[in-house]
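Written out below as structure tokens is the structure these notes cover.
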2 protein chains.
Amino acid sequence: MLRISKLTDYGIVLLVRFAQEASGTTLTAREMSEATELPLPVVSKMLKSLASADLLASQRGSRGGYQLARQPEAVSVAEIIEALEGPIALMECVAAEGLCDQESHCGLRAPWQRINSAIQTTLTRVSLAELAADTPPRHQTTLAIA
Amino acid sequence: MLRISKLTDYGIVLLVRFAQEASGTTLTAREMSEATELPLPVVSKMLKSLASADLLASQRGSRGGYQLARQPEAVSVAEIIEALEGPIALMECVAAEGLCDQESHCGLRAPWQRINSAIQTTLTRVSLAELAADTPPRHQTTLAIA
DNA sequence: ATTTACAGGACTGAATTGGTCCGATATGTT
DNA sequence: AACATATCGGACCAATTCAGTCCTGTAAAT
């Protein structure tokens, strides 16, 4: 299916949320959980990951929380994905040489690398800011019925 | 890691092998297993998948085997991936509407779809023939030592 | 008949993913 | 000092997915 993991997806949703706030706004895990309707433990986990990848800055203690470490224009989707799930590599052999034991007699490594870097470029060109801009404003338009 | 599955990878390796033969060449699962050094059950399984996706044509019985169903120029990498692991979709919500229960309040679907289709286009533009051409000829250059 | 090969499954073990929970630490408030 | 609020850094577990095997049936050629 060529998909990114759900957790990574959540991470991006969270970052987009931050990008939609005024620059420098600090938000807690609880607040983010409420805003995104994602379970607190999950949000908490992902915020920690994002912080340790230096995409978010964290502040501990009461009055603590998280904020974007950089301007949303300066963060690419590729970077986020790489931070959360490692190098963008369609298959092992693309990530690094010597990982695939078929390498000697397969010969597909070169073409795959070209394809892979095209995809990587695509994802590098999209910034968090663009994602956030594209996303409709957050006020509730319709409520679930029943 | 944004990767395709190993099995899909094997499938592509097999197709490339066919593409390197003279057009219309029939090969058995056993022959393919030997050529690629992949275990026969795996090769067998993947050839069956490829056949049922109409990427290969199969012939039963003695003197049977598989051959490319189309010219390698007319088969795209995107098509192969889709045949083996379903629609190319970075995340559920891209594959079809209504799959993600966050859809109403997430708003990232549109931007993701643009990104996704860029990737899809990239993969559509690469043909099996190109993969095969890129791949060095198959004679053994070095042998594993010890 | 017998042999060769594909068809279509079921099945299993291992790895990954998605998600929860807990104890420790830092920081502001009273 | 004590307390409340938050993050930090794990361990942990259930469920799914993945990779790989195997078996029974059917088609075709000799």
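Naming convention: chains lettered A, B, ... in sequence-line order (proteins, then strands); numbering from 1 in each chain. Model, not experiment: these values are computed from the prediction.
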Check: protein-nucleotides 26-30 of chain C nitrogen or oxygen pairs below 3.5 Å:
residue	atom	partner	partner atom	Å
C/dA26	O4'	A/Arg60	NH1	2.9
C/dT27	O2	A/Ser62	N	3.2
C/dG28	O4'	A/Ser62	OG	3.4

Distance, nearest 0.5 Å, that separates CG of A/Leu14 from CE of A/Met46: 7.5 Å

To the nearest 0.5 Å, how far apart are CD1 in A/Ile12 and CD1 in A/Ile4? 4.5 Å

How is the base pairing of DNA chain D summarised as a dot-bracket string, given the Watson-Crick and G-U wobble criteria with both distances under 3.5 Å, [ ] for crossing and | for another strand? ||||||||||||||||||||||||||||||

Quick one, [X] and [Y] - any side-chain contact, counting heavy atoms below 4.5 Å?
X: B/Phe18; Y: B/Leu47; result: yes
X: B/Leu90; Y: A/Asp9; result: no
X: B/Ile115; Y: A/Leu131; result: yes

May I ask you to check whether over 12 heavy atoms, not counting those of B/Arg30, lie within 6.0 Å of atom CZ? no

Closest non-hydrogen atom pair, [X] against [Y]:
X: A/Asn116; Y: A/Ala89; result: OD1-CA, 3.5 Å
X: A/Ala96; Y: A/Arg109; result: C-NH2, 3.7 Å
X: B/Ser44; Y: B/Ala29; result: CA-CB, 4.4 Å

Presence of B/Ser58 side-chain N/O under 4.0 Å of C/dA7 phosphate oxygens OP1/OP2: yes

What's the [atom1]-[atom2] distance between [X] and [N], to the nearest Å?
X: A/Leu27; N: D/dA6; atom1: CG; atom2: P; answer: 11 Å
X: A/Glu92; N: D/dC18; atom1: CD; atom2: P; answer: 15 Å
X: A/Leu56; N: D/dA6; atom1: CG; atom2: P; answer: 17 Å
X: B/Met46; N: D/dC18; atom1: CE; atom2: P; answer: 12 Å
X: B/Glu34; N: C/dA5; atom1: CD; atom2: P; answer: 11 Å
X: B/Leu84; N: D/dC18; atom1: CG; atom2: C1'; answer: 14 Å

Classify every nucleotide of nucleotides 9-22 of chain C by which part a protein heavy atom approaches to under 4.0 Å, writing B for the base, S for the sugar-phosphate alone and - for neither, in 5'-to-3' order. B--------BBB--

Assess whether salt bridge (Lys or Arg N to Asp or Glu O under 4.0 Å) is satisfied between B/Glu79 and B/Arg70, documenting all intermediate values. CA-CA 12 Å; B/Glu79 215 178 336; B/Arg70 266 177 282 162; 2.8 Å; yes

Of A/Arg17, A/Met32, A/Gln67, which is the lone residue that meets side chain to side chain contact (heavy atoms under 4.5 Å, CB included) with A/Leu27? A/Met32

